[in-house]
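Reading through the C-alpha cells given below for one structure.
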2 protein chains.
Amino acid sequence: MDQNSLPPIQTTARDDAVLKALVGFVGAEALRPGEKLPTERILAERLKVSRNTVREALTRWEGLGLVERRQGSGTYLKAAVSPDMLHMPLTLSGGNDFTSLMQTLEIRRALEAEAAALCAERASPADIAEIERKLDIMEQAFRTRDGMSAEEDWEFHQAIYRVSGNPLFEQIIAAMHELFHRFWEHPLGVRDFGHASFPYHRTIYECIAARDPQGARAEALKLIATVEDDLKRGAAKLKLSSQT
Amino acid sequence: MDQNSLPPIQTTARDDAVLKALVGFVGAEALRPGEKLPTERILAERLKVSRNTVREALTRWEGLGLVERRQGSGTYLKAAVSPDMLHMPLTLSGGNDFTSLMQTLEIRRALEAEAAALCAERASPADIAEIERKLDIMEQAFRTRDGMSAEEDWEFHQAIYRVSGNPLFEQIIAAMHELFHRFWEHPLGVRDFGHASFPYHRTIYECIAARDPQGARAEALKLIATVEDDLKRGAAKLKLSSQT
DNA sequence: AGTGGTCCAATGGTCCAACCAATTTCTGCA
DNA sequence: TGCAGAAATTGGTTGGACCATTGGACCACT
C-alpha cells in the first residue's frame with residue numbers, strides 16, 4: 001500500500017493562516033524592507049483573531065529575521081517576503097574550541113573559492129569597479145589603522161559574494177563569519193591576526209578583473225590558508241600558555 | 001575605544017531569558033532529541049513568568065526546528081541544544097524556479113567537492129568499509145528498482161559527509177538537499193533524472209578508498225555536473241511545453 | 001484475548017481584558 | 001520659536017478562561 005495515499009489531515013493552523021494573510025498584505029501594499037507593518041491590534045481586529053495569535057505569527061517571522069519589532073514604535077519589515085519563499089533554519093553546533101573554528105574555515109574555504117571563481121566568470125565592468133573600490137577602502141584602512149581593518153575586509157568579501165550572483169553564498173558564509181567571530185574578540189594572543197591574508201585580497205581582485213576563475217579560486221584558497229595558519233599558531237600558543 | 005566594553009543593557013528580555021533557562025534545563029536533565037519537555041504550565045510556574053511568555057519562547061524554538069509541539073500530548077525536543085549554538089535562518093528568495101535550484105546546486109558543488117576531498121584524506125579503513133556498504137546498497141536498489149534509489153543515494157552521500165569529520169557539511173548540504181527536493185517530486189518531465197550521476201558514485205568511492213583527495217574532488221564535481229545538466233534539460237523541456 | 005466504545009484528565013491552541021514599558025506625538029509654557 | 005512634559009501609540013507581559021486534541025483507563029461485547 002502506498003503510505004502517501006493517506007496523508008495526515010490538517011485540522012487547525014490559525015497562526016499559519018495569519019502569516020499567509022500577511023504575505024498577501026505585504027504583496028498587495030507592495031511593502032518594502034524598512035516599512036512599517038500594521039499594529040498588532042489592528043491585525044488582530046482585521047483578521048478576526050486574537051492579538052496573541054497575531055503575536056505568535058509575528059514571533060515566527062521575527063525568528064526568521066523577516067521582521068523587527070520595536071516596542072513603542074511598531075513592527076517593521078526587515079527583508080522582502082513573497083509567497084514562494086523558503087525559510088530554512090540552520091542550527092550550527094557551536095563550541096568555542098579550536099576544532100569548531102577550523103570547521104567553519106573548512107566550509108568557508110570551499111565556498112569562498114567557488115564564489116571567487118563564479119565572480120570572476122560573471123562580473124560586469126561595473127561590478128569590478130565596485131569590488132576595486134571596496135579593495136581600496138580596505139587597503140587604506142589597513143595601512144592607516146595598522147592592520148585593524150576587519151570591517152572593510154568583510155565588506156570586500158561580501159561584494160564578491162554578491163557579484164557571484166548567488167545570494168546563498170553571502171548568507172551561509174555570513175553565518176560562518178559570525179560563528180567565527182563570536183569567539184574572536186581576543187581569543188588568542190595572535191596580535192597580528194589577519195595580516196598574512198592582506199596581500200591576497202589584491203591578487204583575488206586582479207584575477208577577477210582579468211576574468212580568470214581558476215586564478216581567483218587559487219588565490220582565495222591561499223587567503224583561507226593563511227587564516228588557518230594564524231588559527232593554528234594561536235591555538236598552539238594558547239595550549240602552551242595554559243600548561244600550568 | 002572598544003565598543004564591546006559597553007554592551008547595551010538588557011532591560012527586557014523575558015522570553016530570551018526563558019530560552020536560556022530552558023537550555024540550562026535541557027543540559028542539566030541531559031534531554032535527548034525525542035524526549036518530552038515540561039508542560040507549558042509547569043514551565044510558566046517554575047520560571048515565574050506567564051504562560052504566554054513561555055509560549056513565545058517555545059514558538060521561537062519551534063520556528064528554528066529545535067522543538068515540536070503536539071497538541072494534547074506535549075512539547076518534544078527535536079534536535080540537540082547547547083548553550084553555544086548558532087541558529088541561522090536561511091532565506092531563499094525565488095521558489096520553485098530554475099534559478100533557485102541552480103543556486104542550491106552551486107552551493108552543493110562547492111561543498112560536495114570539498115567534503116569528498118576531506119573524506120579521502122581522513123577516512124579510516126572502517127570508514128571506507130562503511131561507505132562501500134552504502135554504495136553497494138545504493139547500487140543494488142538502483143538496479144532492482146530501475147533507478148529509483150534516491151534514499152539510498154542520499155545515505156551514501158551522508159556517509160561521506162560524516163567521514164569528512166566536519167558536521168557542518170552534512171547540516172548545510174542537508175538544507176540544500178531538502179530545498180532541492182521540495183520541488184522535486186515530479187517537477188519536470190525528466191523521467192530518468194539522476195541516472196547520469198550513477199556511475200560517479202563508484203568512482204568517488206574508489207578515489208576515497210585510494211586516498212586520492214584530488215581525484216575524489218574531481219569525481220564529485222562530475223557528479224554535480226550531471227545533475228546540473230539534468231536540471232537544465234528539464235527546464236528547457238518545461239519551457240518548451242509551456243508555450244501554449 | 002481482542003475489539004470497539006466511552007469517558008476523563010492532561011496538554012497545546014486560542015481568546016480576552018487588562019496593565020507595563022518604550023517610543024512617538026502633541027501640547028502648552030517660557 | 002524652542003523645548004520640557006503630558007498624552008497617545010505600540011509592542012511586551014500577565015492571569016485567567018475556554019476549546020480541541022491526545023492518550024490512557026475502563027467497560028461491554030464478542
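By convention in this document, chain letters (A, B, ...) are assigned in the order of the sequence lines, proteins followed by strands, and residues within each chain are numbered from 1. Just so you know, these numbers come straight off a predicted model, no measurement behind them. As a basis for the values below, the full set of heavy atoms in this structure was taken, side chains included, without hydrogen atoms, waters or symmetry mates.
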Exercise. Once you round it to whole Å, what is the distance between P of C:dT11 and CD of B:Glu68?
Worked result: 17 Å

Exercise. Within the structure shown, what part of the strands sits under 4.0 Å from A:Arg70 by heavy-atom distance: base, sugar-phosphate, or nothing?
Worked result: sugar-phosphate

For this session: Figure out the CD/P separation between B:Glu56 and D:dG15, and round it to whole Å.
Result: 15 Å

For this session: Would you indicate, yes or no, if C:dT11 has its OP1 or OP2 atom less than 4.0 angstrom from a side-chain nitrogen or oxygen of B:Thr39?
Result: yes

Problem set entry | Given D:dT10, D:dT21, C:dA18, the nucleotide with the shortest approach to the side chain of B:Gln71 | D:dT21

For this session: Using atom CZ of A:Arg60 as one end and atom P of C:dT14 as the other, report the distance to the nearest whole Å.
Result: 9 Å

Exercise. Are A:Lys134 and A:Glu155 ion-paired here, with the side-chain N under 4.0 Å from a carboxylate O?
Worked result: yes

Exercise. Starting at CD of A:Glu40 and ending at P of C:dC15, how long is that distance when rounded to a whole Å?
Worked result: 14 Å

For this session: Using only side-chain N and O atoms of B:Arg41, determine if any of them is under 4.0 Å from OP1 or OP2 of C:dT11.
Result: no

For this session: Tell me which of A:Ile42 and B:Lys48 sits closer to the 5' end of DNA chain D, going by the nucleotide each one is nearest to.
Result: A:Ile42

For this session: Would you mind telling me which of C:dC15, C:dG13, D:dT13 lies closest to the side-chain atoms of A:Arg51?
Result: D:dT13

Exercise. Counting only N and O atoms by type, is there a donor-acceptor contact under 3.5 Å from the side chain of B:Thr39 to the main-chain atoms of B:Arg41?
Worked result: no

Problem set entry | Pairing of B:Arg60 and A:Glu62 as salt bridge, 4.0 angstrom limit | yes

Problem set entry | Length of the CD-P vector between B:Glu45 and D:dT14, whole Å | 14 Å

Problem set entry | SB check A:Glu56 A:Arg14 (cutoff 4.0 Å) | no

Exercise. Starting at CZ of B:Arg69 and ending at P of C:dT14, how long is that distance when rounded to a whole Å?
Worked result: 9 Å

Problem set entry | Under 3.5 Å: donor-acceptor pair, side chain of B:Arg69, backbone of B:Thr75 | no

Exercise. Below 3.5 Å, does any donor atom in the side chain of A:Arg55 face an acceptor in the base of D:dG12, or the other way round?
Worked result: no

Seminar exercise, completed: Between NZ of B:Lys36 and P of D:dG24 the distance, given in whole Å, is 10 Å

Problem set entry | Toward the 5' end of DNA chain C, by each residue's nearest nucleotide, A:Thr53 or A:Gly72 | A:Thr53

Exercise. Of all the choices, D:dT14, C:dG12, D:dG11, which nucleotide is nearest to the side chain of B:Val49 once you look at every atom?
Worked result: D:dT14

Problem set entry | Interatomic distance, A:Leu43 CG vs D:dG12 P [rounded to whole Å] | 13 Å

Problem set entry | Phosphate OP1/OP2 of D:dT9: any A:Ser73 side-chain N/O under 4.0 Å | no

Problem set entry | Donor-acceptor pair present, B:Asn52 side chain and D:dG15 base, under 3.5 Å | yes

